[in-house]
Amino acid sequence: MVSKVYIIDDDDISIYLTSLVLEEAGFAHEICTYTSADDALADLPLTASTALPDLILLDLNMPVKSGWDFLNVLRPHEETLKGKLDVFILTSSIAVSDQDQSREYPLVRGFLHKPLDEESLNYIRQTRKGLA
Amino acid sequence: MQVNFTPPEQLVLTPDFYSSIVRHGSELITVLNWDGQYQYISDSISSEMGYQPEELLGTPVLEHIHPDDVAMIQQELHNLTYGGVKQVSLSPFRYRAKSGDWRWLSCVSTNMLDNPHVRGIVTNSRDVTHQMETMRQKKESRAYYKALFFNNPDLVFTLSTSGQVQACNDAVVALSGYTREAFPESHFTDFVLPEYQDVTLSAFHKALTGQSSTLDTSIRHHDGSRRFLSATFVPVVLEGRILAVQCIAKDCTSEKEANLLVQAHAQRLHNILEGITEGFFALDSEWRYSFGNSVFANFLGRPLQELMNRTIWDEYPILTGTQFQQKCLEVARTQKTVQFDEQFCNYGAELRFTLSPFSDGLLVSFVDITRQRAAEEEVRTLSLVASKTTNGVIITNSRLEIEWVNEAFSQVTGYELEEIAGKRPSDILTTADTDPREINWVRAQLAKGIPMRKELRSYKKNGDLVWADVTISPIANEQGQIEKYVYIHTDITERKLDQEQLLKTTEHLYHQNQDLKQFNYIVSHNLRAPVANLVGLSAILQKLDRNSARFMQGLQNLETSARRLDDVISDLNKILAVRSSTLQVAKEMVNVSEVASEVISSLQHLLTPINGKIEIQLQEDDLLWANRAYVYSILHNLISNAIKYKSAQRDLLIEVNSVRKKDGLQLSISDNGIGMDLEKVRPHLFQLYKRFHAGPDGKGIGLYLVKMQVNAIGGEIEVNSQPETGTTFILHFKQATYGQQGLHN
């Protein structure tokens, strides 16, 4: 069981739904939700490793700062964060180009299409164990 | 002969003895009396003169003496008789023999008048006729020699065996310009020109061996000029020994110079004949070759010597029956020059002949016009092509002035040659908007001989536009100077219009493609987002307790998601409606001021609570030829945005202005809201579903729609904005749109 999960998404209903699926599955001890990338970055302790989330579910299409912008902010810390923090893209996009672009970020471990379901959760689990 | 020899007796000196000696002695002894008459004559007179002594006795001596000598003898006798002179030797004089011949006598006369035994003048005479003859001959030959030597008009001089000039005549002095004194010091070769010294010296040496020889030589005159001589060296031999060398030379300078002149003339004539590029030969009256130049020899491929003096018809039987032969005969008959062309298949050549009569026969000059003919033929063919081709052709001179255009050019442009001859093609083929720098550049390239190809817009004579593909080729002569320019003018108007159409189509397709991409994006993100929520929610709802609060919230969210899906679909509907009507939107005269008032009143309920103000400064006649609904939508969207993004720091103030521009109408909608950082947002500002502010209010369709509608009624939109200061949208409507009002007022 994962200790801490961040959900970053500007769509309130999507946040509600994702949280609900995670809770129902008993996936995490703690779920933090953010409606903008900036809010999430403000909470993310980039210097102290203690309170880091294990997992971030990241939406791409957001105003002001997109999911890509968020990942770009983390770029300089990739070496430090790798292995401690796994990012999974959770988007309504079905564009292949987005999936291709996500491979350029080492922190991104997987690309998921909304809505989040049991199958997606299994994929996350297996990926994090190193099976996928 | 019988000689009776008796021994000598004692000599007895009797008068008979003396008389006998005198009478019979070989010497002639005479005695004259006072009067000069013979008193005595010895017998030898008969052998000497043929007289018998008796014939002469008593005759005066002077009768027998040559009249020329009489005076002299008379004087001598007078001297002897009365002058007291005893004896005189008389100079030789002539005495008439009985035969009538004159004999020369040398006499010694002694006055013995006082001698009683003699009583007369005794004269001993010797016949010296032979000596005198010899002497005379000697004198004569000397006179001859003198005459020959000194008075000779030719140059005569004597050289010692060592080559010194011993004597020379006046002619030498006159011709050489040197004085006689200059010669004895000099060797004769000093006067000979260096190039003649060897031959001259060898002739001299030949003379020393006893052989005469004649040669041409040349000496230098005292003044430095040259003289040509024809000289003969002759040995002077005496008793088998060479005493000297006599040289007789004739001045042949003028002859030689004339010769040289003739030679030079001949050479010059030869050079001229060789220099002319025409083939040239002469035939004598017997049709024999008498001259030919090298062009002629080269043409035949034979050396000239081989042909000289041979008859042309024998050498070239092939000429028999040709026009050439006929013309030769004709010229020989008429003595008139003719010119004609004839083709010789055997030589693969066509020749242009000129036959001219001259005193010794016939002169033939000819030019090989094979190439010229071929070139003429080519020119004829080419000009046929040029005049009949469907491409326009212009030929200009080196100053780019039109000299010729073909029919096709006249057909395409409507210009006839007469009206454009002398003009520059650029005057016709370019338009006012052609950049003069470009024209100059083209001319500079052409002047360098670089061919050009350009697509040009030009006008026909009737003003219609012609798109032409123009190729300009400079034509240089053999010296590399540009003589002409050839323009090939191809009418590509149709192609060009097709091209323009194609460009438009491409542009249109590009935009459609962009739209499709945008649409795909909408499907991907904005349409799918609510759908994904609906799917997720309906799945989870099944697992939840229907009476729980979570179930109720889920149900509520399900409804919200469904509504959002509906919103997106209605947005798409609007977009599609505008886009499909872009090409033929229904337009009417729209009063901007009226529409703005309507928009404000519809938004008043939002303005009042926030204490917002709108200042409108529009003219009553701010009219647009446009779709009224679009104008409404545009203003509604922009003012709504201003309200939506008002600053929390100050009360909202919106200003709507119009400015009349020369080229149309400009509307501006300004606010004092939160503004935007255009550096960041400008690339996405008018794109669909791009939002720049967090929060639920914006959907990212408003500005996209505004831009589409502005474009649909022929306007452009731009934006100025400063964060925390405000935003201004400026709408430009071009004259074409704005100007329509004139038609309706």
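Residue numbering restarts at 1 for every chain, and letters A, B, ... go by the order of the sequence lines.
Interface remark: B:Leu534 contributes no atoms to any contact with chain A (heavy atom separation under 4.5 Å). Proximity to chain A (any heavy atom under 4.5 Å) is restricted, for B:Arg564, to the side chain, taken from C-beta onward. Contacts between B:Ile540 and chain A at a heavy-atom distance below 4.5 Å involve the side chain alone, from C-beta outward.
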Under the side-chain contact (heavy atoms from CB on, under 4.5 Å) criterion, do B:Val535 and A:Asp117 qualify, and how do the steps go? CA-CA 10 Å; B:Val535 171; A:Asp117 53 17; over 6 Å; no

How far apart are the C-alpha atoms of A:Lys114 and B:Val531, what are their side-chain angles, what is the distance that settles it, and do they pass the side-chain contact (heavy atoms from CB on, under 4.5 Å) test? CA-CA 9 Å; A:Lys114 289 180 185 176; B:Val531 172; over 6 Å; no

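Remark: B:Leu606 engages B:Leu603, B:Ile643 in a side chain to side chain contact (heavy atoms under 4.5 Å, CB included) (not counting sequence neighbours).
Taking a 6.0 Å sphere around CZ of A:Arg75, one finds it holds more than 12 heavy atoms contributed by other residues, nucleotides or ligands. When the shell of 6.0 Å around CZ of B:Arg650 is examined, it contains more than 12 heavy atoms from other residues, nucleotides or ligands. Heavy atoms from other residues, nucleotides or ligands lying under 6.0 Å from NZ of A:Lys65 number 12 at most.
At a heavy-atom cut-off of under 4.5 Å, chain A is reached by B:Gln553, B:Gly554, B:Asn557, B:Thr560, B:Ser561 from residues 552-562 of chain B, listed in order of number.
Going from atom CD of A:Glu23 over to atom CZ of B:Arg550 covers 4.0 Å, rounded to the nearest 0.5 Å.
Salt-bridge formation is not detected for the pair A:Asp11/B:Arg528: no Lys NZ or Arg NE/NH1/NH2 atom is positioned less than 4.0 Å from an Asp or Glu carboxylate oxygen.
A heavy-atom distance below 4.5 Å is found between the side chains of A:Tyr16 and B:Leu537.
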